[in-house]
Chemist: 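Quick one: the structure is below, questions incoming.
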Amino acid sequence: MTKFDIEISEVGPRDGLQSISAIMSTADKKAWIDALVAAGIPEIEVGSFVPATVLPQLADTHQLVEHAKQYKGLSIAVLVPNLRGAQNALKTSPTKMSIPLSVSETHSLRNVKRTHKQMLEEVANIAQFIKSLPVENRPKFEGGLATAFGCTIEGSVSEDKVVSLAVALMEAGCDEVGLSDTTGSGNPAQVQRLIKKVWAAVGKENLSGIHLHNTRGQGLANALAAIEVGITTVDSSMGGIGGCPAAPGASGNIVTEDLVFMLEAMGLRTGINFDKLFEARQILAKALPNEPLYGFTPNAGLPKGFQYAR
């Protein structure tokens, strides 16, 4: 796929679905992925390799990875909680594999039942396992710094701790790190400050993406702040579905449709077609009729005379 100014990583099939009780059928998920690809979404996080007993909503992730592999150039992302999950994921050869390391250790214990030390050991073991694979089967391995901007359990999070854990992830063998506002606590000034601090510690080339929640209505403002300093990949979820089951009150991802409108209206190319994007939203709405979908752009439509970025 063509490289655009900003890459949108659609996390709805993982982060979105994991937080709702309804289980979307595998057939509907495949149709949704097909529609997202048709709309021009360059990266899709199709699921997570966690036990089905923990998240039955994501039990078919391996099938979705295999389905998505038909699309040449699509970045297929998955999340893994530990070495065992990574080994299962690697059997399907995804493009990108992320592991969450919560800066809040309390959240880490709730989310993955491991301390920082234990998670870093998992990361090192996964990195070593990846190196044992043929080069063509090695995915990009990202360490996601969850609760980097605040925690609903512990409260404020030390920026120095975020930076030190970013360094530790890179030293353990990650290819890159990502910043995640898991609880929607961040603000634009904080976002820019923390990005710069992490860049100073691990290098700008090792942090290009950010994952933001819209819990307090700051999602788009925080995304713009991140982009203004040089972040090039932003996670979002169609209809704004999602959250974090392990963080009480952490609801709502950035709405993909609104994020794309903001970027294109500003002259930043995403490569995404709105008509196709709205068609994908209809597939989601039909598959989950009882789930609220958010977003101003889908309801208001595009303004008269709207032009895509060039």
Side-chain angles (χ1 to χ4, degrees), residues 9 11 14-15 43 45 48-50 75 77-87 89-90 94-133 138-151 154 157-183 186 190-191 193-213 226 229-235 244 246-247:
S9 180
V11 300
R14 195 278 300 176
D15 195 351
E43 179 173 281
E45 190 177 41
S48 176
F49 283 86
V50 298
S75 177
V78 298
L79 183 138
V80 300
N82 49 40
L83 175 60
R84 183 173 180 180
Q87 289 172 330
L90 290 167
T95 313
K96 178 180 175 182
M97 189 168 67
S98 299
I99 187 167
L101 175 61
S102 299
V103 182
S104 160
E105 198 158 37
T106 307
H107 180 266
S108 181
L109 289 167
R110 287 197 184 186
N111 192 39
V112 291
K113 298 180 173 58
R114 284 172 174 78
T115 63
H116 288 160
K117 182 176 182 293
Q118 290 171 325
M119 282 303 292
L120 289 170
E121 289 172 352
E122 291 286 333
V123 170
N125 289 332
I126 292 170
Q128 192 62 37
F129 188 80
I130 290 174
K131 289 179 182 177
S132 71
L133 300 173
R138 297 177 190 175
K140 180 180 289 185
F141 184 32
E142 178 193 64
L145 289 156
T147 65
F149 298 90
C151 175
E154 290 189 6
V157 167
S158 164
E159 292 184 359
D160 289 342
K161 188 68 173 178
V162 177
V163 173
S164 66
L165 287 176
V167 172
L169 283 169
M170 294 301 298
E171 291 177 346
C174 284
D175 298 312
E176 62 182 11
V177 296
L179 290 176
S180 177
D181 187 11
T182 311
T183 63
Q190 182 186 17
V191 165
R193 185 173 64 247
L194 191 53
I195 289 169
K196 291 175 182 178
K197 285 185 176 182
V198 174
W199 276 344
V202 304
K204 192 170 183 179
E205 70 279 6
N206 293 320
L207 167 62
S208 61
I210 194 163
H211 179 101
L212 300 163
H213 283 215
V229 294
I231 286 294
T232 55
T233 299
V234 182
D235 291 359
C244 179

Chemist: For Ser180, what residues pass the side-chain hydrogen bond (donor to acceptor under 3.5 Å, both in side chains) criterion, not counting sequence neighbours?
Modeler: Thr182

Chemist: With sequence neighbours left out, which residue pairs that include part of residues 159-174 fulfil the salt bridge (charged side-chain N to carboxylate O under 4.0 Å, His left out) condition?
Modeler: Glu159-Arg193, Glu159-Lys197

Chemist: Determine whether Ile231 and Leu207 make a side-chain contact, defined as any pair of heavy atoms from C-beta on separated by less than 4.5 Å.
Modeler: yes

Chemist: List in chain and number order the residues that pass side chain to side chain contact (heavy atoms under 4.5 Å, CB included) with Ala127, two or more places apart in sequence or in another chain; answer none if no residue qualifies.
Modeler: Phe141

Chemist: Considering residues at least two apart in sequence or located in another chain, which fulfil the side-chain hydrogen bond (donor to acceptor under 3.5 Å, both in side chains) criterion with Thr232?
Modeler: none

Chemist: For the pair Thr183 (side chain) and Gly150 (backbone), establish whether a donor and an acceptor sit closer than 3.5 Å, ignoring hydrogens and angles.
Modeler: yes

Chemist: Test: side-chain hydrogen bond (donor to acceptor under 3.5 Å, both in side chains). Region: residues 117-127. Which pairs qualify, not counting sequence neighbours?
Modeler: Arg114-Glu122, Thr115-Gln118, Lys117-Glu121

Chemist: Under the side-chain hydrogen bond (donor to acceptor under 3.5 Å, both in side chains) rule, collect the residues that match up with Thr95, sequence neighbours excluded.
Modeler: none

Chemist: Do any side-chain atoms of residues 97-106 form donor-acceptor pairs under 3.5 angstrom with protein atoms, and if so which ones, sequence neighbours left out?
Modeler:
| residue | atom | partner | partner atom | Å |
| --- | --- | --- | --- | --- |
| Ser98 | OG | Glu142 | OE1 | 2.8 |
| Ser102 | OG | His107 | ND1 | 2.6 |
| Ser104 | OG | His107 | N | 3.2 |
| Ser104 | OG | Glu154 | OE2 | 3.4 |
| Glu105 | OE2 | His116 | N | 2.8 |
| Thr106 | OG1 | Glu154 | OE2 | 2.6 |

Chemist: Whether the side chain of Arg138 engages the backbone of Leu133 through a donor-acceptor N/O pair (distance < 3.5 Å, no angle test) should be reported.
Modeler: yes

Chemist: Under the rule for side-chain hydrogen bond (donor to acceptor under 3.5 Å, both in side chains), what residues qualify as partners of Asp181, not counting sequence neighbours?
Modeler: none

Chemist: Name all residues meeting the side chain to side chain contact (heavy atoms under 4.5 Å, CB included) criterion together with Ala168; count only those two or more places apart in sequence or in a different chain, and write none if there are none.
Modeler: Leu120

